[in-house]
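Worksheet: one structure, shown below.
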Amino acid sequence: AAVDALGAADQRRRGAIAEFESLRGEQKGLGKQVARASGEEKATLLSRTRQLSAAVKEAEARTQQTGADYDRQLRALPNLVADGVPVGGEDDFTVLETHGTPRDFAAEGFEPRDHLGLGQLLGAIDVERGVKVSGSRFYYLTGQGAELELALTNFAMASAIRNGFTPIIPPALVKPEAMEGTGFLGQAAQDVYHLPDDDLYLVGTAEVPLAAYHSEEILDEAALPLRYAGYSPSYRREAGSYGKDTRGIFRVHWFDKVEMFVYCAPDDAEAEHQRLLGWEKEFLTALELPFQVLDVASGDLGLSAARKYDCYSWLPTQHRYREVTSTSNCTDFQARRLNIRARFPAGTAPVATLNGTLCAMTRTILMLLENHQQADGSVRVPAALRPYLGGREALTPVR
RNA sequence: GGAGGUGUCGCCUAGCCCGGUUUAUGGCGCCCGCCUGCUAAGCGGGUUGAGGGUUUAUCCCCUCUCGCGGGUUCAAAUCCCGCCACCUCCGCCA
């Protein structure tokens with residue numbers, strides 16, 4: 001029904017444009033005659049152009065009205081779900097792959113501590129003072145915790161650069177157009193921080209400034225795919241998640257993240273999505289975390305994604321897999337809204353945009369702590385991360 | 001935050017005071033051709049971008065486009081208002 005209404009709105013819009021163009025053409029022609037004419041002839045012409053002017057204004061108003069109408073209806077529609085996506089809600093995902101094996105702590109003879117307990121032992125996470133200073137769902141990373149985030153950041157960025165990404169440090173405050181264009185002011189709007197005095201939004205992910213980076217641009221097809229790795233803070237109000245994941249730093253109002261973002265030809269989007277997933281898997285494997293790959297169900301895709309793969313890592317103290325990364329193929333949904341096109345042989349057309357988490361700091365940190373903990377409360381550093389921690393093989397308790 | 005200035009088709013630039021033969025001037029660059037042992041120079045032509053129509057190989061037609069958005073007017077690059085960006089100076093500041 002919405003699509004039919006959209007078609008009708010498009011017809012009205014096109015009709016109004018055609019009428020306006022024809023009237024305007026006539027007016028321009030007469031205008032030239034007026035400029036040349038004089039005396040009585042000029043007076044006659046002027047009276048005609050006066051009438052025409054009113055008609056042109058009316059037609060122009062109708063063009064704007066029908067155009068805005070069409071645009072509003074179009075933007076309310078979510079992206080089309082890709083073929084093969086499992087149908088259903090949040091719990092109807094399909095598990096595509098399982099990598100690694102969760103540790104058997106019982107066999108090792110000790111009860112695993114949760115990430116908050118480990119964080120306190122290591123002097124790495126200070127939630128109490130986070131709450132004191134900023135409120136619930138805020139934290140300080142201290143000492144080895146801060147070092148760990150810096151190491152993860154550098155490791156993630158180095159990996160991305162090696163894979164051909166251009167590193168970017170983008171602004172974390174953006175104008176409404178950037179937020180709207182990426183699809184975050186729709187059903188996700190209640191989860192977004194807004195600064196009313198300046199009409200700026202705090203981004204929930206670097207996806208926003210990275211997508212808006214090329215807004216209103218026409219890209220060179222030969223330059224595609226354009227791959228960017230953005231490092232930025234992410235701010236989320238987490239409205240409607242009261243009482244959910246309240247312990248530790250699993251669900252917080254702010255965290256830092258290295259995000260991959262790609263602009264590519266629409267025909268290449270599906271293959272690129274697999275590549276993004278591949279880099280995510282590679283990263284989690286390098287961190288020696290057991291994880292699963294989920295094909296997210298249609299009802300859980302959000303406004304902009306046509307398909308979404310989540311990676312869920314094993315969280316020992318919860319005895320289940322929890323989300324650590326997510327990659328979405330947004331096809332041309334964001335590109336249309338942000339007016340990002342490329343010159344293709346068949347003409348200029350919107351590109352496809354895709355995004356994928358490379359490393360969300362807080363969740364990665366808590367996964368590392370829980371999965372690599374030792375009986376004495378120390379935490380083994382996976383080999384791939386050691387170069388970024390001065391060669392250290394373990395984080396050790398400070399008390 | 002305050003005062004002043006600037007914004008023109010890749011780059012530079014004329015036009016704005018005084019609205020209409022402006023289809024936005026000229027130069028540079030770029031493209032095509034001529035000339036020429038080769039190259040350069042010289043000569044001739046082309047060159048804002050976007051959307052749509054028609055063809056779909058080219059061509060052709062229409063609309064929009066002088067930072068953005070309004071307004072005045074029969075008619076706006078040109079007059080008026082608002083906004084944005086940049087520059088200079090002052091203030092403040094990691």
Side-chain angles (χ1 to χ4, degrees), chain A residues 6-75 133-134 140 146 150 169-181 194-202 208-209 212-224 231-233 254 256 263 265-267 332 334-351:
Chain A
L6 188 67
D10 189 34
Q11 284 301 312
R12 282 195 297 276
R13 181 184 65 110
R14 284 167 182 276
I17 289 171
E19 192 191 353
F20 167 71
E21 287 186 353
S22 124
L23 283 169
R24 186 80 175 101
E26 197 180 333
Q27 187 189 29
K28 279 184 94 171
L30 278 173
K32 273 177 207 165
Q33 290 180 45
V34 170
R36 259 173 301 209
S38 59
E40 204 175 309
E41 192 191 359
K42 185 160 184 166
T44 313
L45 286 170
L46 275 181
S47 74
R48 278 171 60 196
T49 50
R50 248 185 282 272
Q51 293 170 8
L52 200 52
S53 170
V56 166
K57 276 198 177 116
E58 206 177 301
E60 189 174 16
R62 205 161 31 243
T63 302
Q64 283 183 0
Q65 172 62 41
T66 53
D69 213 44
Y70 171 77
D71 197 53
R72 191 173 40 72
Q73 289 187 40
L74 183 66
R75 278 168 189 270
V133 173
S134 303
Y140 284 73
L150 292 172
I169 298 181
L173 270 67
V174 298
K175 297 192 214 175
E177 303 92 89
M179 220 60 187
E180 208 280 330
H194 180 228
L195 304 176
D197 285 351
D198 304 281
D199 199 18
L200 287 172
Y201 290 88
L202 275 72
V208 176
Y213 187 60
H214 285 301
S215 59
E216 308 295 329
E217 291 182 23
I218 296 179
L219 307 171
D220 178 11
E221 188 199 11
L224 301 178
Y231 172 61
S232 84
W254 144 76
D256 298 312
Y263 301 82
D267 290 345
D332 61 2
Q334 294 175 332
R336 283 182 190 281
R337 299 168 150 238
L338 293 166
N339 199 21
I340 306 164
R341 292 165 293 173
R343 258 182 262 278
F344 298 107
T348 54
V351 298

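A, B, ... follow the sequence lines: proteins, then strands. Residue 1 opens every chain.
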Taking atom [atom1] in both [N] and [M], what distance in whole Å separates the two?
N	M	atom1	value
B:C34	B:G20	P	42 Å
B:C68	B:A85	P	15 Å
B:U13	B:C28	P	16 Å
B:U78	B:C17	P	9 Å
B:A14	B:G1	C1'	37 Å
B:C62	B:G4	P	45 Å
B:U6	B:A77	C1'	15 Å
B:G7	B:G15	C1'	15 Å

Between N or O atoms, less than 3.5 Å apart, protein on one side and nucleotides 75-79 of chain B on the other: list the pairs.
from  : atom 1 : to      : atom 2 : distance (Å)
B:A75 : OP1    : A:Ser53 : OG     : 3.0

Quiz prompt | Min side-chain heavy-atom separation A:Leu219-A:Arg341 under 4.5 Å | solution = no
Self-check item: A:Arg336 (side chain) donor-acceptor with A:Pro350 (main chain) under 3.5 angstrom
Solution: no
How is [X] classified with respect to the nucleic acid when contacts are heavy atoms under 4.0 Å: base, sugar-phosphate, or nothing?
X	result
A:Arg13	nothing
A:Gln64	sugar-phosphate
A:Ile17	nothing

Please report the distance, rounded to the nearest Å, between [atom1] in [X] and [atom2] in [N].
X	N	atom1	atom2	result
A:Leu23	B:G52	CG	P	21 Å
A:Gln33	B:U23	CD	C1'	16 Å
A:Glu21	B:A50	CD	C1'	12 Å
A:Leu200	B:C84	CG	P	12 Å
A:Leu46	B:G20	CG	P	15 Å
A:Glu26	B:U63	CD	P	11 Å
A:Glu177	B:C84	CD	P	13 Å
A:Phe20	B:C62	CZ	P	15 Å

Exercise. Identify, with sequence neighbours excluded, every residue that meets side chain to side chain donor-acceptor pair (under 3.5 Å) alongside A:Gln27.
Key: A:Arg24
Exercise. Kindly write out the residues that satisfy salt bridge (Lys or Arg N to Asp or Glu O under 4.0 Å) with A:Glu19, not counting sequence neighbours, or none if the list is empty.
Key: A:Arg62
Quiz prompt | Short side-chain N/O contact from A:Arg14 to OP1 or OP2 of B:G51, under 4.0 Å | solution = no
Quiz item: Are any of A:Thr348's side-chain N or O atoms less than 4.0 Å away from OP1 or OP2 of B:G51?
Solution: yes
How many angstroms lie between atom [atom1] of [X] and atom [atom2] of [Y], to the nearest 0.5 angstrom?
X	Y	atom1	atom2	result
A:His214	A:Ile340	NE2	CD1	8.0 Å
A:Lys175	A:Leu200	NZ	CG	8.5 Å
A:Lys42	A:Gln33	NZ	CD	12.5 Å

Quiz item: Between A:Lys42 and A:Ile218, which has a closest nucleotide on RNA chain B that is more 5'?
Solution: A:Lys42
Quiz item: Closer to the 5' end of RNA chain B via nearest nucleotide, is it A:Lys28 or A:Gly31?
Solution: A:Gly31
Counting Watson-Crick and G-U wobble pairs only, both distances under 3.5 Å, name the nucleotide matched with [N], or none.
N	answer
B:G82	B:C68
B:C60	B:G53
B:G37	none
B:U88	B:A3

Quiz item: What residues form a side chain to side chain contact (heavy atoms under 4.5 Å, CB included) with A:Asp267, not counting sequence neighbours?
Solution: none
Taking only distance into account, with no hydrogens and no angle test, what donor-acceptor pairs under 3.5 Å do side-chain atoms of residues 52-59 of chain A form with protein atoms, sequence neighbours excluded?
none

Quiz prompt | Residue A:Leu74 excluded, over 12 heavy atoms near CG under 6.0 Å | solution = yes
Between the protein and nucleotides 66-68 of chain B, are there any N/O to N/O pairs under 3.5 Å, and if so, what are the atom names and distances?
none

Quiz prompt | Residue pair A:Val208, A:Tyr201: steps toward the side chain to side chain contact (heavy atoms under 4.5 Å, CB included) verdict | solution = CA-CA 10 Å; A:Val208 176; A:Tyr201 290 88; over 6 Å; no
